[in-house]
Chemist: 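Please find one structure pasted underneath; my questions will follow.
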Amino acid sequence: MTPVALLFLVISIVVVWGGLVASILHLRAHPADDGADPGVDVTGEAGQPGQPGVDGTATRP
Amino acid sequence: MSKTAPTQPSPRAREQWSGQRGFILAAIGSAVGLGNIWRFPGVAYENGGGAFLVPYLVALLTAGIPVLLLDYSIGHRFRGSAPAALRRLAGRGGETLGWFQVAISFAIILYYTVIIAWSASYLVFSVTQAWGDDTQAFLYGEYLQLADAPGVSADVVPSVLIPLLLVWVVVLAILALGVQKGLERANLVFLPVLVVLFVTLVVRALFLDGAVDGLNAFFTPDWSALADPGVWVSAYGQIFFSLSIAFGIMITYSSYLRRRSNLTSTGLVVGFANSSFEILAGIGVFAALGFMAAQSGTTVAELEGIAGVSLAFIAFPQIISMMPGGPIFGVLFFGSLTLAGLTSLLSILQVVSAAFQEKFGLTARQGALRIGAVAALLSVALFSTRTALYVLDTVDKYVNEVGVLTSAVLTAVVATWVVRRLPELQAHLNAVSSLRVGTWWRVLIGLVVPVVLGYILVSGAVTLIQDGYEGYPRWFTNGFGWGVVVLLPIAAVALTSLRWRHDVDGFTPDTLPGVAARRSRTEARR
């Protein structure tokens, strides 16, 4: 490959795939607390949810 | 007028993903579609090569991910399909916008299915290289039996009809199983298989003679392109059409997320995953095109038909026939195309199914089968005949470049300027996410997105009005292009006027500090 094409191949991979890896690492470091809200969520039509990130259990039937 | 008085709360629990991972896989599966494989490489090559990376990333960060987060915030906060969530955001007009998005999805489903059917057929053809020496003649003459001129044919092509029906059976069966057992499990299998197939294909392509020439052509930057406004428009267009945003998919998908979900980080993962696949596709496709040019004694610059249907069903079969181990490469390529299409199709179908489920109190199975039956019938009637390619080409062009762009601009304008609830959506994102969005996000949604996408919409529409499309007769583009575009809002208004089976307005969104008063004022004004 020509040096300039190779450079842009590397930049593309580093920036875009690097962005993906960084996003995944950040998400893994800050996971949502799925365990707090294991049940079904009835809020689709008539639920009265609580505050986000605080009381997901308020939405259980 | 919409009547909700005699309705009652839903007796059914709302479906949800098993966790964030299931949602992310499904959202990536939705975003990674045919456009990643057959649109991005050609667009990047024709708009500056390596230099295209600059406008592409700018578009991703200033429009793609911000609109993705807008969709997430609406779906997650108002926990409904597009009509329900947008009604809860912006009242009756919002619901009509939601049904407009559903109508767009419905139109796209009809032809998207047949492309997957073609791809599945070519997966089988790859094994014996059934296309012979003249891949173009095989596609148009033997396989599609394409009519000589655009029109409406009733001549069904059995070789297209059979795989089309099979695709419908598969996707409706998955959809009928619901969100967790159907969509999530399908993506859990399809997406990893797609990645493995496609990475294998790209690695193989890199070792072909001439691959380096293809990569040189693809990555060598043309800096003068950055001064061309058309290149920037192409970058925004590519990002916008590639991410599955603004026609209900991400609103619907995020509405099944649990309340404690990290929305902004998830959006970044999905946005960058989609672009990562596009870069991978660029490498694979241009390595293969470099091989094709070398075998043909020409250069990549002189190749024609390096995007869309021509790339997939004419150029790639040629490449497959030229290379050692071609059948394996063919199975990898058409397997990837089929799976990428399937995961995207499922998400578009869910937009329609979820909307009808909620409005008319249907189960997932009822929604899938009833909507699916109607869609399958129309799909077969329009796209298994000898004029399918003309109709597909026209509907796709007009629905995307007029319908989807209109939907995006309207959603941004309504949220920002009409109901002025962007601060509430921002507060919602920040309440559940680890990465906070600031005022910049409101500026991007309220100003940059409407201006840039509005420009693309208007300039594209003016061109279509003045020049028509592809030299097709005016009666044809007026019927299948503008005609379909006009039908979308008519269907939206009609569906809005029907009664909700359950109380859609009894929903109360999560309380957010400093937002309740603002919301009350908005409602009082309405």
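These numbers come from a predicted model, not from an experiment. Convention: sequence-line order gives letters A, B, ...; per-chain numbering from 1. In what follows, every heavy atom counts, from backbone to side chain, and hydrogens, waters and symmetry copies are set aside.
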Chemist: Contact part of B:Leu53 toward chain A, heavy-atom cut-off under 4.5 Å: side chain, backbone, both or neither?
Modeler: side chain

Chemist: How long is the gap from CZ on B:Phe218 to OG on A:Ser12, to the nearest 0.5 Å?
Modeler: 7.5 Å

Chemist: Return the minimal non-hydrogen interatomic distance between A:Ser23 and B:Phe272, and the atom names on each side.
Modeler: OG-CD1, 3.7 Å

Chemist: Which residue, A:Leu20, A:Leu25, A:Val21, forms the side-chain contact (heavy atoms from CB on, under 4.5 Å) with B:Val269?
Modeler: A:Leu20

Chemist: For A:His30, is it the side chain, the backbone, both, or neither that has a heavy atom closer than 4.5 Å to a heavy atom of chain B?
Modeler: both

Chemist: So what's closer than 4.5 Å to chain A heavy atoms on B:Ser81: side chain, backbone, both or neither?
Modeler: neither

Chemist: If every non-hydrogen atom of A:Met1 is compared with every non-hydrogen atom of B:Val212, which pair is closest and at what distance?
Modeler: N-CG1, 3.4 Å

Chemist: Can you name the closest pair of heavy atoms from A:Phe8 and B:Phe219 and give their distance?
Modeler: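 Result for this residue pair: CB-O, 3.5 Å.
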
Chemist: Between chain A and each of B:Thr220, B:Asn216, B:Asp213, count heavy-atom pairs under 4.5 Å; write down the option with the most.
Modeler: B:Asn216

Chemist: Using a 4.5 angstrom heavy-atom cutoff, name the option from B:Ala211, B:Gly50, B:Ser265, B:Ser276 with the most pairs to chain A.
Modeler: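 Answer, by heavy-atom pair count under 4.5 Å with chain A: B:Ser276.
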
Chemist: Report yes if some heavy atom in the side chain of A:Val16 is under 4.5 Å from a heavy atom in the side chain of B:Leu60; otherwise report no.
Modeler: no

Chemist: Counting heavy-atom pairs under 4.5 Å to chain B, which of A:Ile24, A:Leu9, A:Ile11, A:Ile13 comes out on top?
Modeler: A:Leu9

Chemist: Quick one: does A:His26's side chain get under 4.5 Å of B:Leu435's, heavy atoms only?
Modeler: yes

Chemist: Which value, rounded to the nearest 0.5 Å, describes the distance between A:Leu27 atom CG and B:Thr266 atom OG1?
Modeler: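 So the gap between those two atoms works out to 5.0 Å.
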
Chemist: Between B:Leu280 and A:Trp17, is there a side-chain heavy-atom distance shorter than 4.5 Å?
Modeler: yes

